[in-house]
Each structure stands twice: as C-alpha cells, then as structure tokens.
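First up is the structure itself, then whatever we jot down about it.
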Amino acid sequence: MPRTPRHEVAGGASPIPLATPEEVAAYLGVPVKTLYQWRHRRIGPTVHKVGRHLRYRWREVDAWLDAQTSYDLTV
C-alpha cells in the first residue's frame with residue numbers, strides 16, 4: 001500500500017514535522033534496526049538528536065534516497 005509522507009504540507013503554512021525512526025523505517029521499507037546500523041556506519045540519511053531522541057528531516061531522507069540510485073536511467 002503506497003504511503004503519502006506526512007511531510008507534504010499544503011501551502012507550506014505550517015512547519016514540517018520531524019520524522020521518528022519508526023516513520024522513516026516504514027517509509028523506506030526497512031526495519032528500524034537497519035536505520036540504527038546505518039547511523040552507526042554513517043551511511044544512512046542524516047539524523048538529528050533532539051534531546052535524547054533521534055529525528056529525521058523528510059527533505060534529507062528524500063535527498064539521501066535520491067542519491068542511492070545506482071543505475072543509469074538514460075539507457
């Protein structure tokens with residue numbers, strides 16, 4: 001089932017909420033544990049600590065995902 005990310009805010013009037021690891025894991029279709037491993041290895045999307053909690057900016061998750069394309073689309 002396709003999921004529309006919560007970061008799509010109409011008109012940009014309200015601030016874009018930060019994503020939890022659970023939300024990002026669901027969006028990317030990977031286990032939360034994988035996000036923690038990527039963070040430790042510094043290969044995943046940029047993560048920010050807010051107090052003792054980890055949060056992601058949706059635009060950084062999408063930018064990271066776009067950068068993961070490993071094949072040539074022009075072929």
Side-chain angles (χ1 to χ4, degrees):
M1 155 173 75
R3 179 183 177 280
T4 302
R6 290 185 350 181
H7 66 282
E8 293 179 6
V9 179
S14 61
I16 298 170
L18 297 174
T20 64
E22 292 78 16
E23 291 172 325
V24 173
Y27 180 63
L28 296 176
V30 299
V32 173
K33 186 174 180 179
T34 298
L35 289 179
Y36 291 130
Q37 291 172 350
W38 288 347
R39 178 178 182 260
H40 178 73
R41 295 168 55 194
R42 299 176 188 246
I43 62 171
T46 303
V47 63
H48 304 277
K49 285 198 79 168
V50 179
R52 63 184 184 128
H53 304 282
L54 297 178
R55 295 294 182 261
Y56 295 84
R57 288 189 176 118
W58 284 113
R59 68 177 181 266
E60 293 174 346
V61 172
D62 287 335
W64 175 84
L65 186 58
D66 290 342
Q68 300 311 300
T69 303
S70 63
Y71 58 90
D72 188 1
L73 298 174
T74 60
V75 175

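Below, all heavy atoms of this structure are taken into account, side chains as well, without hydrogens, waters or symmetry copies.
Of all non-hydrogen atoms in A25 and P31, the two that sit nearest each other are CB-C, 4.0 Å.
Taking 4.5 Å as the limit, every side-chain heavy atom of Y56 sits out of range of all side-chain heavy atoms of W64. A heavy-atom distance below 4.5 Å is found between the side chains of L28 and L35. Looking at heavy atoms from C-beta onward, L54 lies in side-chain contact with Y36 at the 4.5 angstrom threshold.
Judged purely by atom type and a 3.5 angstrom limit, W58 has no side-chain atom pairing as donor or acceptor with the backbone of V24.
Residue pairs meeting the salt bridge (Lys or Arg N to Asp or Glu O under 4.0 Å) criterion with at least one partner in residues 27-48, sequence neighbours excluded, do not occur; the list is empty. Residue pairs satisfying the salt bridge (Lys or Arg N to Asp or Glu O under 4.0 Å) criterion with at least one member in residues 48-57, sequence neighbours excluded, are listed as follows: R57-E60.
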